[in-house]
Amino acid sequence: MHECMSGMSAKVWGLTCPGYPEEVSRARRWTRDILRGSPLAEDAELIVSELSANAILHTATGRPSGSFHLALAMTPRVIALSVTDDGGTRTAPRTEHQAQDAEHGRGLTLVNALAHRVVVHRNQAGHTITAELFAGPGTAGEHSC
């Protein structure tokens with residue numbers, strides 16, 4: 001969690017989904033339901049969709065018995081969205097510039113454009129990608145607290 005979240009009381013939700021493509025829509029609905037009424041709900045929903053789809057397409061999450069875990073933490077100033085995959089890749093997820101007609105490869109670029117901060121953590125099981133959206137008075141669109 002970013003230093004903007006430390007010292008604040010955070011509400012935290014979690015959801016584990018099987019690694020099936022249809023679970024991306026479930027992840028979107030879950031996010032939308034939690035953030036109902038927030039001006040950041042649509043961006044958060046899109047971020048969760050991209051990160052969940054990437055986990056299914058590019059990691060062991062999409063294999064039989066694979067899964068991904070979503071976490072959503074919210075304070076009055078920050079919404080942090082995390083997706084943890086099952087690993088199975090040798091390289092960490094990264095933003096790449098793709099050709100206009102490329103069918104894949106722009107998901108993390110889109111996430112980076114929507115979020116104020118994106119962090120990739122590698123652990124023994126796989127990767128966790130956390131995207132942070134800043135909300136509240138005086139913080140929207142700013143990169144510092």
Side-chain angles (χ1 to χ4, degrees), residues 1-99 102-136 139-140 142-145:
M1 234 180 283
H2 189 270
E3 57 272 4
C4 290
M5 293 188 80
S6 62
M8 289 187 188
S9 172
K11 293 180 182 177
V12 180
W13 294 263
L15 176 69
T16 299
C17 298
Y20 303 123
E22 58 270 19
E23 292 297 311
V24 173
S25 63
R26 178 180 174 203
R28 287 176 66 99
R29 279 190 314 274
W30 179 81
T31 303
R32 182 176 50 242
D33 289 346
I34 291 170
L35 296 175
R36 189 173 313 279
S38 168
L40 299 174
E42 287 183 18
D43 287 350
E45 188 179 342
L46 185 54
I47 288 169
V48 163
S49 180
E50 289 294 333
L51 295 181
S52 299
N54 283 351
I56 293 166
L57 288 171
H58 302 297
T59 73
T61 293
R63 295 182 188 150
S65 76
S67 64
F68 61 97
H69 182 76
L70 298 163
L72 190 156
M74 184 170 50
T75 71
R77 297 192 327 184
V78 178
I79 296 171
L81 307 153
S82 298
V83 174
T84 302
D85 63 42
D86 280 347
T89 62
R90 293 179 184 220
T91 59
R94 62 189 180 281
T95 302
E96 295 178 348
H97 296 286
Q98 298 294 328
E103 290 185 29
H104 299 287
R106 290 189 294 272
L108 278 182
T109 301
L110 176 62
V111 170
N112 274 315
L114 293 171
H116 290 89
R117 181 175 123 120
V118 177
V119 179
V120 178
H121 293 282
R122 183 174 179 89
N123 57 46
Q124 290 177 336
H127 300 94
T128 298
I129 302 175
T130 301
E132 296 175 349
L133 299 168
F134 295 169
T139 59
E142 296 177 14
H143 292 272
S144 63
C145 297

**Q** What's the separation between atom CD in Glu50 and atom CD1 in Ile129, rounded to the nearest 0.5 Å?
**A**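 Output value for this atom pair is 11.0 Å.
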**Q** So which heavy atom on Leu40 is nearest to which on Phe134, and how close?
**A**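 Nearest heavy atoms, Leu40 then Phe134: CD1-O, 3.7 Å.
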**Q** Tell me, please, which residues at least two apart from Thr16 pass side-chain contact (heavy atoms from CB on, under 4.5 Å).
**A**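 For Thr16 the side-chain contact (heavy atoms from CB on, under 4.5 Å) partners, ignoring immediate neighbours, are Ser67, His69.
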**Q** Side chains of Leu108 and Leu51, heavy atoms from C-beta outward: is any pair under 4.5 Å?
**A**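 Sidechains of Leu51 and Leu108: in contact.
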**Q** Give me the atom names and distance for the closest heavy-atom approach of Phe68 to Ala55.
**A**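 Residues Phe68 and Ala55, closest heavy atoms: CB-CB, 4.3 Å.
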**Q** Would you give the length of the straight line joining atom CZ of Arg28 to atom CG of Leu70, rounded to the nearest 0.5 angstrom?
**A**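 These two atoms lie 12.5 Å from each other.
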**Q** For Glu23, give me all partners under salt bridge (Lys or Arg N to Asp or Glu O under 4.0 Å), at least two apart in sequence or on another chain.
**A**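 Only Arg26 meet the salt bridge (Lys or Arg N to Asp or Glu O under 4.0 Å) criterion with Glu23.
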**Q** To the nearest 0.5 Å, how far apart are CD1 in Ile79 and NE2 in His116?
**A**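 Going from CD1 on Ile79 over to NE2 on His116, the span is 10.5 Å.
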**Q** How about Val83 and Asn54: do any of their side-chain heavy atoms sit closer than 4.5 Å?
**A**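 Not in contact.
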**Q** Which pair of non-hydrogen atoms, one from Leu110 and one from Leu46, has the smallest distance, and what is that distance?
**A**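 Minimum heavy-atom separation between Leu110 and Leu46: CD2-CD2, 3.9 Å.
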**Q** Under 4.5 Å between any side-chain heavy atoms of Leu133 and Leu81, yes or no?
**A**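 Yes, at least one pair of side-chain atoms sits under 4.5 Å.
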**Q** Kindly give the heavy-atom pair with the smallest separation between Ser82 and Thr130, and that separation in Å.
**A**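 So the two residues come closest at OG-OG1, 2.7 Å.
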**Q** In Å and rounded to the nearest 0.5 Å, what is the CD to OG1 distance from Glu42 to Thr31?
**A**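 Going from CD on Glu42 over to OG1 on Thr31, the span is 13.0 Å.
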**Q** If I compare all heavy atoms of Gly66 with all of Asp86, which pair ends up nearest, and what's the gap?
**A**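 Answer, listing the atom of Gly66 first, then Asp86: CA-OD2, 3.2 Å.
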**Q** Hey, does Leu72 have a side-chain heavy atom less than 4.5 Å from the side chain of Leu35?
**A**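 In contact.
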**Q** How long is the span from the CD atom in Glu45 to the OG atom in Ser38, to the nearest 0.5 Å?
**A**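 Rounded to the nearest 0.5 Å, the CD-OG separation comes to 11.5 Å.
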